[in-house]
Amino acid sequence: MGNFFVCKMIFCRFMQEIVSNIVAWYLKNARDLPWRNTRNPYSVWLSEVLLQQTRVNQGLPYYEKFIVHFPTIHHLAQASEDEVLKTWQGLGYYSRARNLHKTARIVAESLQGNFPQTPEGLQKLPGLGPYTAAAIASIAFNYPEPVLDGNVARVVSRMLDIHEAVDLPSVKKGMIEWLRGQIAYAEPGTFNQAWMELGALVCLPARPLCDSCPIASWCMARQRGTAEELPVKKAKAKVRERWFHYLHLENENAIWLVQRQAGDIWEGLWEFPMYEAASEKEVPSDWLPKLVADPQQVKISLQRRFTHLLTHQRIHASFWKLSTRPENLRLQQPIFEFPLVQEELPALHRLMDKYLKAN
DNA sequence: AAATCGGGGCC
DNA sequence: GGCCCAGATTT
C-alpha cells in the first residue's frame with residue numbers, strides 16, 4: 001500500500017494530460033456499440049447488467065433481444081419472471097435476470113419509471129453494486145463517479161505498477177480514490193468508458209499492445225517490464241465435482257420437467273427430474289428405488305453422458321431414458337408437463353439444452 | 001474475507 | 001487446462 005501512494009503523488013501533475021490522451025484515444029477508437037448511441041437510463045442499465053462478468057461480444061445479441069422483447073422498462077416490469085429468464089437463457093449468472101426483473105418492477109411501480117440519479121440511490125436497487133451504480137450514474141446522468149471493473153483494475157495496476165492483489169478491498173478503494181482525483185478532467189461517462197475500452201482493446205490481460213497505448217509513456221509497469229505479471233490476484237477456489245442423474249420421460253405431446261430451487265446452480269431454470277449422487281461410484285441400482293415406488297415396473301436405459309464444465313463445478317451428467325407410469329415416481333417436487341415444442345419450452349439450462357439438441 | 005453464481009473465448 | 005470477462009450477493 002505504501003508503494004501505491006508514492007505512485008499516486010508522482011502522477012498527480014500528469015493527470016490532466018493522461019486523461020486528455022485517453023479520452024482522445026477513446027473518441028477515435030471506441031467500438032460502435034448500440035448502447036453507446038443513447039443516454040437513456042433504461043438502455044444504459046440493461047447493457048451494464050448484461051455485461052457484468054460478460055464479454056461484449058457475448059452480451060451483444062442478448063441486448064438486441066431484450067430491446068426488441070422489452071422496449072421500455074414498463075414492458076419489462078409487466079413481463080413474468082419466466083419470460084425474462086427465458087430471454088436470458090444461455091447467458092449465465094441467472095440471478096442477474098431475476099434482479100433485473102425485480103428492479104424493473106421497483107422503478108416502474110414505485111419510482112414512476114425514473115431511475116435514481118446518484119450512485120447511492122442506484123446501489124439500493126437489486127443487482128446494482130458499486131460498479132454498475134457508478135456506470136449508470138456517470139453515463140446516463142453525468143455524475144462524476146469512477147468505475148472500477150476488471151479492465152480498469154488491470155490498466156491502473158499497470159499504470160502504477162501495483163503488485164498487491166487487486167481484489168483486495170483496500171487496493172480497490174485506493175484505485176477508485178486515484179481515479180476520483182482525475183474524473184473532473186473529462187465528461188464522467190466518457191472518462192469511465194475510455195478507461196474500460198483501453199483495457200478491452202489495448203491493455204490486454206496477455207500481450208498488451210503497449211506500442212498502441214496512448215498513455216504508455218506514463219506507465220510504470222511498462223517502464224519496469226512488469227506489465228505481463230499484472231494484475232496480481234488472490235488464489236481461486238477449487239472445482240467441485242458433482243454427479244447428476246437425469247430421468248428423461250416423455251410421450252407424444254408432453255415432456256416432464258421440474259424447476260430448480262434456490263440455493264444452488266441454475267436457480268429457477270427447468271430440467272428433467274434428477275437425482276444427485278454423492279460420488280461417481282453410486283450406481284443406478286442404488287438410487288432407482290429412491291425415485292420410483294416399484295422398480296419392477298420401470299424400463300430404464302442410459303441414453304447419454306456429458307461432462308459439463310462450469311467455473312467452480314464439474315458436472316458429470318447421465319441421462320437415463322425412463323419408461324413407466326408417472327404415478328410410479330417418487331419426486332419431492334411436483335411434475336409439470338409442457339408441450340414438446342422447442343419454442344414453448346421454458347428457460348432450460350445449458351446442459352439440458354445440449355442433451356435435447358443431441359437427440 | 002471467502003464462497004458462490006455460468007458460459008464462452010483465448011492461449 | 002487455466003485465465004478472464006463492463007460484478008453482486010450471501011455467509
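Lettering follows sequence order; numbering is per chain, from 1.
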Asker: Rounded to the Å, how far apart are A:L85 CG and B:dC5 P?
Answerer: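 So the two atoms are 16 Å apart, to the nearest Å.
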Asker: Starting from A:L345, can I reach A:V84 by hopping between I/L/V/M/F/W/Y residues whose side chains sit under 4.5 Å apart?
Answerer: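 Result: yes, single cluster for both.
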Asker: Reading DNA chain C from 5' to 3', where do the contacts with chain A start and stop? Cut-off is 4.0 Å to heavy atoms.
Answerer: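 Listing 5' to 3', DNA chain C meets chain A from C:dG1 to C:dT9.
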Asker: Return each pair, listed once, that meets ring-ring contact (aromatic ring centres under 6.0 Å, His included) where at least one residue sits in residues 221-240 of chain A; pairs must be two or more places apart or across chains.
Answerer: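 Non-adjacent pairs meeting ring-ring contact (aromatic ring centres under 6.0 Å, His included): zero.
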Asker: In terms of the nearest nucleotide of DNA chain B, which residue is placed more toward the 5' end: A:H312 or A:R350?
Answerer: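 Its nucleotide being nearer the 5' end, the pick is A:H312.
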Asker: Using OP1 and OP2 only, check whether a side-chain N or O of A:H308 sits under 4.0 Å from B:dG6.
Answerer: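 Indeed not, no polar side-chain atom of A:H308 lies that close.
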Asker: Mind checking A:Q313 for me? I need base, sugar-phosphate or nothing, with any heavy atom below 4.0 Å counting as a touch.
Answerer: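 The residue A:Q313 makes sugar-phosphate contact but no base contact.
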Asker: To the nearest angstrom, how far is A:I265 atom CD1 from B:dA3 atom P?
Answerer: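 Interatomic distance, CD1 of A:I265 to P of B:dA3: 18 Å.
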Asker: Without hydrogens or angle criteria, can the side chains of A:S80 and A:E83 be said to hold a donor-acceptor pair below 3.5 Å?
Answerer: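 Yes, a side-chain donor-acceptor pair sits under 3.5 Å.
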Asker: Between A:H349 and A:W266, what is the ring plane arrangement, given parallel below 30°, perpendicular above 60°, and tilted in between?
Answerer: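 Rings of A:H349 and A:W266: parallel, as their planes differ by under 30°.
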Asker: Taking atom C1' in both C:dC4 and B:dC5, compute the distance separating them and give it to the nearest angstrom.
Answerer: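 Rounded to whole Å, the distance is 16 Å.
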Asker: Rounded to whole angstrom, note down the C1' distance from C:dT9 over to B:dG8.
Answerer: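 These two C1' atoms come out 23 Å apart once rounded.
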Asker: Can you name the residues that form a salt bridge (Lys or Arg N to Asp or Glu O under 4.0 Å) with A:R96, not counting sequence neighbours?
Answerer: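 Here no residue qualifies.
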Asker: More 5' along DNA chain B: A:L269 or A:P169, using each one's nearest nucleotide?
Answerer: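 Looking at DNA chain B, the more 5' nearest nucleotide goes with A:P169.
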Asker: Strictly below 4.0 Å, heavy-atom distances to any atom of DNA chain C: list the hits from residues 28-52 of chain A, or just say none.
Answerer: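 Those residues whose heavy atoms fall under 4.0 Å from DNA chain C, taken from residues 28-52 of chain A in numerical order, are A:L33, A:W35, A:R36, A:E48, A:L51, A:Q52.
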Asker: Which residue in the set A:R222, A:Q223, A:R224 passes side-chain hydrogen bond (donor to acceptor under 3.5 Å, both in side chains) when paired with A:D161?
Answerer: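 Answer to the side-chain hydrogen bond (donor to acceptor under 3.5 Å, both in side chains) test with A:D161 among A:R222, A:Q223, A:R224: A:R224.
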Asker: Would one find more than 12 heavy atoms of other residues, nucleotides or ligands at under 6.0 Å from atom CD of A:E280?
Answerer: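 No.
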Asker: Should the heavy atoms of other residues, nucleotides or ligands under 6.0 Å from CZ of A:R305 be counted, would the total exceed 12?
Answerer: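 Atom CZ in A:R305 is not packed in, count stays at 12 or less.
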Asker: Would you please test A:E271 and A:Y246 for side-chain hydrogen bond (donor to acceptor under 3.5 Å, both in side chains) and show each step?
Answerer: CA-CA 8 Å; A:E271 63 185 10; A:Y246 285 105; 2.8 Å; yes
Asker: CD of A:E120: more than 12 outside heavy atoms within 6.0 angstrom?
Answerer: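 Yes, the 6.0 Å shell around CD holds more than 12 heavy atoms from other groups.
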Asker: How do A:R314 and A:Q53 order along DNA chain C: which one's closest nucleotide is nearer the 5' end?
Answerer: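 By nearest-heavy-atom nucleotide position, the 5'-most residue is A:R314.
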Asker: Looking at residues 88-102 of chain A, who's got a heavy atom less than 4.0 Å off DNA chain C?
Answerer: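 Under 4.0 Å from DNA chain C: A:Y93.
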Asker: Below 3.5 Å, does any donor atom in the side chain of A:Q58 face an acceptor in the base of B:dG8, or the other way round?
Answerer: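 Per atom types, no contact qualifies.
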Asker: Do the ring centers of A:Y355 and A:H248 come within less than 6.0 Å of each other?
Answerer: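 A:Y355 vs A:H248: aromatic centres under 6.0 Å.
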Asker: Which residues, if any, of residues 142-151 of chain A bring a heavy atom under 4.0 Å of DNA chain C?
Answerer: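 Of all residues in residues 142-151 of chain A, the ones placing a heavy atom under 4.0 Å from DNA chain C are A:D149, A:G150, A:N151.
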Asker: NA contact type, A:N192, heavy-atom cut-off 4.0 Å: base, sugar-phosphate, or nothing?
Answerer: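 No contact at all - A:N192 keeps every heavy atom at 4.0 Å or more from the nucleic acid.
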Asker: Determine the interatomic distance between C1' on C:dA8 and the same-named atom on B:dG9; round to the nearest Å.
Answerer: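 It comes out at 23 Å once rounded to the nearest Å.
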Asker: Given the C1' atoms of C:dC5 and B:dG6, what is the spacing between them in whole Å?
Answerer: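 It works out to 12 Å between them.
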Asker: Please state whether the rings of A:H316 and A:W243 are parallel, tilted or perpendicular, taking 30° and 60° as the class boundaries.
Answerer: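 Geometry flag for A:W243 against A:H316: parallel rings.
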